[in-house]
Q: 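This is the structure I want to talk about, given as structure tokens.
Chain naming here is simple, since letters A, B, ... match the order of the sequence lines and numbering starts at 1 in each.
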Amino acid sequence: MAGKIDPMHQFLIEPLFGTQDWALAGHNVAFTNSALWMVLTLAAMWVFMLGGMKGALVPGRWQVAVEGFTGFITDMMHTNIGPKGKAFTPYVFSLFMFILIANLLGMLPLGIIGIHPFTVTSHLTVTGILAIVSFSIVLVVGFWKHGFHFFSLFVPHGTPLPMIPLIFLIELFSFMIRPFSLGLRLFVAMTAGHILLKVLAGFVINGLNAGPGIAAIVSLPSFVLMIGITLLEMLVCAIQAYVFALLTSLYLNDAINLH
Amino acid sequence: MPQIAQIVSTYASQIFWLLIVFGLIYFGIGKAMLPKVAGTVEARDRKIADDLAEAERARARADEIEAAYRARIAEARTAALKAAQNAKVASAADAEVRVKAADADLAAQAAKAEAELATAQAKALAGIEEVAVEAAQDIVARISGRTVEKAAATGAVKSVLANG
């Protein structure tokens, strides 16, 4: 580093194995640090869920925590979609938990001991795929259930006849922009937060290296600010996962119940 | 920004591993574990609802039993009041009869006693005359030395008693 800390380095994808020969249909599918943290997310989620599988009538602490998460998503689906939303609860729950745990794992302060956490959700490819999957499910369900009647989604009730073509275009545009906003929101929130933390951490370290005087006026305030931003980032981790799941459930509601 | 700079060289790997991991999460956790946890919650909610309904039923039954108990108590109380009233009336009538009988008995006894008294008085009066006659004869004999006929003495005593 030598005094120069690159805040973007944390987003770098580095292949761990299979760099050369792991290929699928001509594309390299090396097991990268991104894949590793995806697998760790899966493992953490599996361990967490395993603690809630006792099925005790009077639950212990862990089971209450697991049931709190499942109940949160189940209730959200029920409120936003109704009884028909039950079929999509597994998907939205998987989405919510994957994003939440991936976000939180990326926040782990393991850099101190030399393991650099990788935030899976700070990559546009990942958030974009999740958004496209959500949007595809909305499209498939919408056309499956309503056929071409699904297009009535773009014409709100009580639109005056001459306004219909214009409203249709606007609504279609706002509908088509959904996957982009869905994917970009999570990507940008995670990336911005991590860059901010890394920049502040650079201030702290460079200030400490520059001597006690600079450390007192640069490192100390930066460190205090980092503590606050870290707490804020953890809130953002939860909020972004919630927003992604909530918007998915709202879009699914459009597809299932139209207006 | 590596997310964009590396996108061409890494998108395939990221998509591949994301689909594998997310597929495992969806089928292994979302589809397999989540319904079990939700089932547990549902079973608990149902059990609580059932228990509450059971408690409600038990309460209703307790209310019913209490109402029946109250009705029976009220019934028993009126019956007891009525019995007490009847007993009071009967005992009053009985007492009256007995008082009357006692009155009649006492009156008969009083009449009998009166009659006896009158007889005794008459007897006593007769006794006094005889004594007086004997006394008169005796007095006369002592004073005058003469003997008075009993008939004469009786006549004298009678006249004196009649006057006195």
Q: Which atoms of B:Phe22 come close to chain A, meaning under 4.5 Å heavy atom to heavy atom: side chain ones, backbone ones, both, or neither?
A: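 It is the side chain, since no backbone atom gets that close.
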Q: Grab the two heavy atoms, one from A:Gly52 and one from B:Val37, that are nearest each other, plus how far apart they are.
A: O-CG2, 3.7 Å
Q: Would you mind checking which part of A:Gln63 comes under 4.5 Å of any heavy atom in chain B, side chain (CB onward), backbone (N, CA, C, O), both or neither?
A: side chain
Q: Begin with the C-alpha distance, continue with both residues' side-chain angles, and end with the deciding distance and a verdict on side-chain contact (heavy atoms from CB on, under 4.5 Å) for B:Val21 and A:Val39.
A: CA-CA 6 Å; B:Val21 168; A:Val39 172; 4.0 Å; yes
Q: Would one find more than 12 heavy atoms of other residues, nucleotides or ligands at under 6.0 Å from atom CE of A:Met8?
A: yes
Q: Name, in order of residue number, those residues of residues 121-134 of chain A that have a heavy atom at a distance of less than 4.5 Å from a heavy atom in chain B; otherwise write 'none'.
A: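 The stretch touches chain B at A:Ser122, A:His123, A:Leu124, A:Thr125, A:Val126, A:Ile129, A:Leu130.
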Q: Select one option (side chain, backbone, both, neither) describing which atoms of A:Phe11 are under 4.5 Å from chain B's heavy atoms.
A: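 Both parts, backbone and side chain.
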Q: Do B:Trp17 side-chain atoms and A:Ala30 backbone N/O form a donor-acceptor pair below 3.5 Å?
A: yes
Q: With a strict 4.5 Å heavy-atom criterion, list every residue of residues 40-74 of chain B that contacts chain A, or say none.
A: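 Result: B:Thr40, B:Val41, B:Glu42, B:Arg44, B:Lys47.
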Q: Top residue by heavy-atom pair count (under 4.5 Å) with chain B, among A:Thr70, A:Thr32, A:Leu42?
A: A:Leu42
Q: Where do B:Ile25 and A:Met45 come nearest, in terms of heavy atoms and distance?
A: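 Smallest heavy-atom distance, with atoms named: CG2-CE, 3.5 Å.
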Q: For A:Leu95, which atoms come within 4.5 Å of any heavy atom of chain B: side chain, backbone, both, or neither?
A: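 Interface part for A:Leu95: both.
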Q: What's the separation between atom CE in B:Met33 and atom CZ in A:Phe48, rounded to the nearest 0.5 Å?
A: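 Rounded to the nearest 0.5 Å, the CE-CZ separation comes to 10.5 Å.
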Q: Given that the side chain runs from C-beta out, which part of B:Gln14 has a heavy atom under 4.5 Å from chain A: side chain, backbone, both or neither?
A: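 Contact with chain A is through both the backbone and side chain of B:Gln14.
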Q: If I compare all heavy atoms of A:Thr191 with all of B:Met1, which pair ends up nearest, and what's the gap?
A: CG2-CE, 3.9 Å
Q: Got more than 12 heavy atoms from elsewhere within 6.0 Å of CZ, A:Phe180?
A: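 12 or below, so no.
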Q: Using 0.5 Å steps for rounding, measure from the CZ atom of A:Phe98 to the CG atom of B:Leu18.
A: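 Spacing of CZ (A:Phe98) from CG (B:Leu18) equals 5.0 Å.
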Q: In terms of heavy-atom proximity below 4.5 Å to chain A, should B:Ile20 be classed as side chain, backbone, both, or neither?
A: neither
Q: Going from CD on B:Gln6 to OG on A:Ser34, what distance comes out if it is rounded to the nearest 0.5 angstrom?
A: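 Separation between the atoms: 10.0 Å.
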Q: Roughly how far, to the nearest 0.5 Å, is the CD atom of B:Gln3 from the CE atom of A:Met190?
A: 11.5 Å
Q: Above 12 or not: heavy atoms from other molecules or residues under 6.0 Å from CZ of A:Phe203?
A: no
Q: Please state whether the side chain, the backbone, both or neither of A:Phe187 comes within less than 4.5 Å of a heavy atom of chain B.
A: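 Contact with chain B involves the side chain of A:Phe187 alone.
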Q: Using a cut-off of under 4.5 Å on heavy-atom pairs, state which of B:Ala5, B:Pro2, B:Pro35, B:Gly30 scores highest against chain A.
A: B:Pro2
Q: Provide the closest heavy-atom pair for A:Phe93 versus B:Leu34 in the form atom of the first, atom of the second, distance.
A: CB-CD2, 3.7 Å
